[in-house]
Amino acid sequence: MNYQTADGMFATNAQGKILFWNESAQEILGYQSKEVIGKYCWDIICSHDKGKNLLIIKHRNISKNTSQSLLVENFDNEVITSTGRKILINFSVLLISNKSTKKLTIVYLFRKMSHPLNSKYDVISPPDKRNEIPSLTHRENEVLFLMGQGLVTKEIADRLAISTETTRKHIQKILKKFKVHSKLEVVVYALKLGFLSL
């Protein structure tokens, strides 16, 4: 089954190379994941005027805060889609630090902003919001908490003294309840919905 999220989302390493690109990002900006994975985010998300591309400036400032895990103040950036359309995007940024590998992942959530009809931008409706907050079992909450700590499936299984197969089943149920495709997405949305805290 195909699950969608309202927000576009991509993740980069500390250097700005794209590691993950969701389907909503593809719908908003027109690029498929195979076109962007491994490229610098500011080369894909570019503004019509390079001097106004805040993404590269924000990324460099954010990546300096490697000792912190925080939701960075959001910002707006005018960008060009793959088809040459000019749109205004609102970005929120989340830092996720993996305690076991010491690696930093920078997650960008973004959405199109709406404008009046006489605007120079394309008129866009705000994305649909989730109508439901997922209901998790006690065990699913435990698995989700450990996912938020950056543990991989085997580490979660060992910590909870359950099999890796059982752990995978719990993770799949959690992804289904959050209506997302990946563990990264579920951690980001769990943070947004208050299931996890930084």
Side-chain angles (χ1 to χ4, degrees), residues 1-27 32-39 41 59 62-72 91-110 127-198:
M1 193 174 288
N2 186 20
Y3 295 97
Q4 296 272 3
T5 60
D7 292 330
M9 186 176 91
F10 65 93
T12 76
N13 61 17
Q15 291 72 45
K17 287 192 175 181
I18 297 173
L19 308 171
F20 176 84
W21 186 267
N22 78 350
E23 289 186 17
S24 293
Q26 178 180 325
E27 288 177 15
Q32 296 182 17
S33 61
K34 63 183 178 183
E35 298 177 272
V36 302
I37 299 296
K39 295 185 179 177
C41 57
H59 182 92
I62 291 161
S63 62
K64 291 175 184 175
N65 296 318
T66 54
S67 61
Q68 302 177 28
S69 291
L70 71 161
L71 187 63
V72 179
F91 290 90
S92 295
V93 190
L94 181 72
L95 303 187
I96 299 177
S97 181
N98 187 315
K99 293 178 181 177
S100 58
T101 64
K102 309 287 186 189
K103 289 185 179 178
L104 179 73
T105 301
I106 304 176
V107 179
Y108 293 85
L109 295 165
F110 64 95
D128 294 331
K129 293 187 177 178
R130 295 170 185 274
N131 295 322
E132 303 175 357
I133 293 178
S135 176
L136 303 182
T137 66
H138 176 70
R139 179 63 88 189
E140 288 166 353
N141 272 306
E142 289 179 323
V143 171
L144 179 60
F145 173 78
L146 294 173
M147 287 168 63
Q149 298 296 305
L151 274 63
V152 299
T153 304
K154 185 172 186 326
E155 292 172 323
I156 295 171
D158 291 345
R159 186 75 65 87
L160 297 176
I162 59 178
S163 71
T164 54
E165 184 57 35
T166 299
T167 305
R168 284 192 194 97
K169 287 179 181 177
H170 285 307
I171 291 170
Q172 287 307 311
K173 287 179 182 177
I174 294 167
L175 296 181
K176 184 174 181 179
K177 288 181 178 183
F178 276 85
K179 299 182 180 178
V180 296
H181 296 278
S182 71
K183 290 189 278 189
L184 176 59
E185 283 181 296
V186 84
V187 168
V188 169
Y189 283 102
L191 284 163
K192 287 185 72 176
L193 292 172
F195 285 82
L196 298 172
S197 59
L198 293 171

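Predicted, not measured: the structure shown is a model, and the values here were computed from it. Quick note: numbers below take in every heavy atom, side chains included, and nothing from hydrogens, waters or symmetry partners. Just so you know, residue 1 is the first one in the sequence shown, and it goes up from there.
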Steps toward side chain to side chain contact (heavy atoms under 4.5 Å, CB included) verdict (V107, V93): CA-CA 6 Å; V107 179; V93 190; over 6 Å; no
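- Once rounded to the nearest 0.5 Å, the distance linking OG of S33 with CG of L19 reads 12.5 Å.
- Residues T105 and A11 approach most closely at CG2-CB, 3.8 Å, considering heavy atoms.
- Between K179 and Y189 there is no side-chain heavy-atom pair separated by less than 4.5 Å.
- In terms of the side chain to side chain contact (heavy atoms under 4.5 Å, CB included) criterion, residue partners of K169 (sequence neighbours excluded) are, by chain and number, E165.
- At least one donor-acceptor pair closer than 3.5 Å links the side chain of N22 to the backbone N or O of M9.
- A distance of 11.0 Å separates OG1 in T164 from CD1 in I156, rounded to the nearest 0.5 Å.
- Between V186 and L144, some side-chain heavy-atom pair lies under the 4.5 Å cut-off.
- Partners of E142 by side chain to side chain donor-acceptor pair (under 3.5 Å), not counting sequence neighbours, listed by chain and number: H138, R139.
- For the salt bridge (Lys or Arg N to Asp or Glu O under 4.0 Å) test, residues two or more places apart in sequence or in another chain that qualify with K154 are D158.
- Ring geometry for W21 against F110 counts as tilted: the plane angle lies between 30° and 60°, on a 0 to 90° scale.
- The backbone N or O of Q15 sits less than 3.5 Å from a side-chain atom of N13, completing a donor-acceptor pair.
- Going from atom CZ of F91 over to atom CZ of F10 covers 5.5 Å, rounded to the nearest 0.5 Å.
- For S163, the side chain to side chain donor-acceptor pair (under 3.5 Å) partners two or more places apart in sequence, or in a different chain, are T166.
- The CZ atom of R159 lies 8.0 Å from the CD atom of E155; values are rounded to the nearest 0.5 Å.
- Expressed to the nearest 0.5 Å, how far CD of E35 lies from CD1 of I18 amounts to 11.0 Å.
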Verdict with reasoning, F178 to F195, per ring pair (Phe, Tyr, Trp, His ring centres under 6.0 Å): CA-CA 11 Å; F178 276 85; F195 285 82; 5.2 Å; yes
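- Counting heavy-atom neighbours within 6.0 Å of F145 CZ, excluding the residue itself, gives a total of 12 or less.
- Between the CE atom of M147 and the OG1 atom of T167 there is a distance of 11.0 Å, given to the nearest 0.5 Å.
- Evaluation of the side chain to side chain contact (heavy atoms under 4.5 Å, CB included) rule for E140 yields L136, T137, H170, K173, I174, K177 as partners, not counting sequence neighbours.
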